[in-house]
K.L.:
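Before anything else, here's the structure in question.
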Amino acid sequence: MVRRIPPGRATTYGHIAALCGKPRGARAVGWALHALPDGSDVPWHRVVNKSGGISISKVGLPPELQRALLEAEGVEFEPDGRVDLKRWGWTGTDA
DNA sequence: ACGGTGACGAGAT
DNA sequence: TATCTCGCCACCG
């Protein structure tokens, strides 16, 4: 699911879960990404929380990393350090 | 088998 | 509008 998120776009855990048929399984999505192997081809950095913010610091990962990865794809961050999902959000309806 | 925890989300205050 | 609380699914002790 995460793999089909186009570059330069971002989506939420809940949305991924919904696309998987588990609208309430957002937390499980997070767990899945946390369990990803290092060399994985999954663009986990394109997944943010519903607020467009980064929560990876909870597992010890540097939020700056995810931010850098997204910015490298052209995604712009709000002054509050969050992504505007209304603009960069990917719903799956738009490839 | 039980209870606690964590890359989350929605409803209530 | 900002915070808090409760509910979700899966994993660990």
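Values below: every heavy atom of this structure, side chains too, minus hydrogens, waters and symmetry copies. Note on naming: letters A, B, ... go to the chains in the order of the sequence lines (proteins, then strands), and numbering restarts at 1 for each one.
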K.L.:
Hey, could you give me the NZ/CZ distance between A/K22 and A/R27, rounded to the nearest 0.5 Å?
P.N.:
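Rounded to the nearest 0.5 Å, the NZ-CZ separation comes to 15.0 Å.
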
K.L.:
Quick check for you: to the nearest 0.5 Å, what is the distance between A/L65 atom CG and A/L70 atom CG?
P.N.:
9.5 Å

K.L.:
If we only count heavy atoms from C-beta on, is the A/V47 to A/T12 side-chain gap below 4.5 Å?
P.N.:
no

K.L.:
Would you indicate whether the side-chain heavy atoms of A/E78 and A/V83 approach each other to under 4.5 Å?
P.N.:
no

K.L.:
Which pairs count as side chain to side chain donor-acceptor pair (under 3.5 Å) when at least one residue sits in residues 63-75 of chain A, sequence neighbours excluded?
P.N.:
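Sorted result for residues 63-75 of chain A: A/H45-A/E73, A/R46-A/E73, A/R67-A/E71.
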
K.L.:
Enumerate the residues from residues 46-76 of chain A whose closest heavy atom to DNA chain C is under 4.0 Å, giving them by residue number; use none for an empty result.
P.N.:
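Hits under 4.0 Å, by residue number: none.
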
K.L.:
First and last nucleotide of DNA chain B in contact with chain A, 5' to 3', at under 4.0 Å to a heavy atom: what are they?
P.N.:
B/dG6 to B/dA10

K.L.:
Give, for atom NE2 of A/H34 and atom NZ of A/K58, the distance between the pair rounded to the nearest 0.5 Å.
P.N.:
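Reported to 0.5 Å precision, the distance equals 13.5 Å.
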
K.L.:
Within the 4.5 Å heavy-atom criterion, are A/I16 and A/I5 side-chain neighbours or not?
P.N.:
yes

K.L.:
For nucleotides 11-13 of chain C, print each protein N/O atom paired with a nucleotide N/O atom at under 3.5 Å, atom names and distance only.
P.N.:
unit_1, atom_1, unit_2, atom_2, d
C/dC11, O4', A/W31, NE1, 3.4

K.L.:
Quick check for you: to the nearest 0.5 Å, what is the distance between A/L33 atom CG and A/S55 atom OG?
P.N.:
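Taking CG in A/L33 and OG in A/S55, the distance rounds to 11.5 Å.
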
K.L.:
Between A/D84 and A/K86, is there a side-chain N and carboxylate O pair less than 4.0 Å apart?
P.N.:
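Salt bridge between A/D84 and A/K86, a charged N being under 4.0 Å from a carboxylate O: no.
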
K.L.:
To the nearest 0.5 Å, what is the distance between OG1 (A/T11) and CH2 (A/W90)?
P.N.:
6.5 Å

K.L.:
Who pairs with A/W88 by ring pair (Phe, Tyr, Trp, His ring centres under 6.0 Å), at least two apart in sequence or on another chain?
P.N.:
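Checked A/W88 against ring pair (Phe, Tyr, Trp, His ring centres under 6.0 Å); zero matches.
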
K.L.:
Any donor and acceptor pair, going by atom type alone, linking the side chain of A/N49 with main-chain N or O of A/S51 inside 3.5 Å?
P.N.:
yes

K.L.:
What pairs of nitrogen or oxygen atoms, one from the protein and one from nucleotides 6-9 of chain C, lie under 3.5 Å apart?
P.N.:
unit_1, atom_1, unit_2, atom_2, d
C/dG7, O6, A/R27, NH1, 3.4

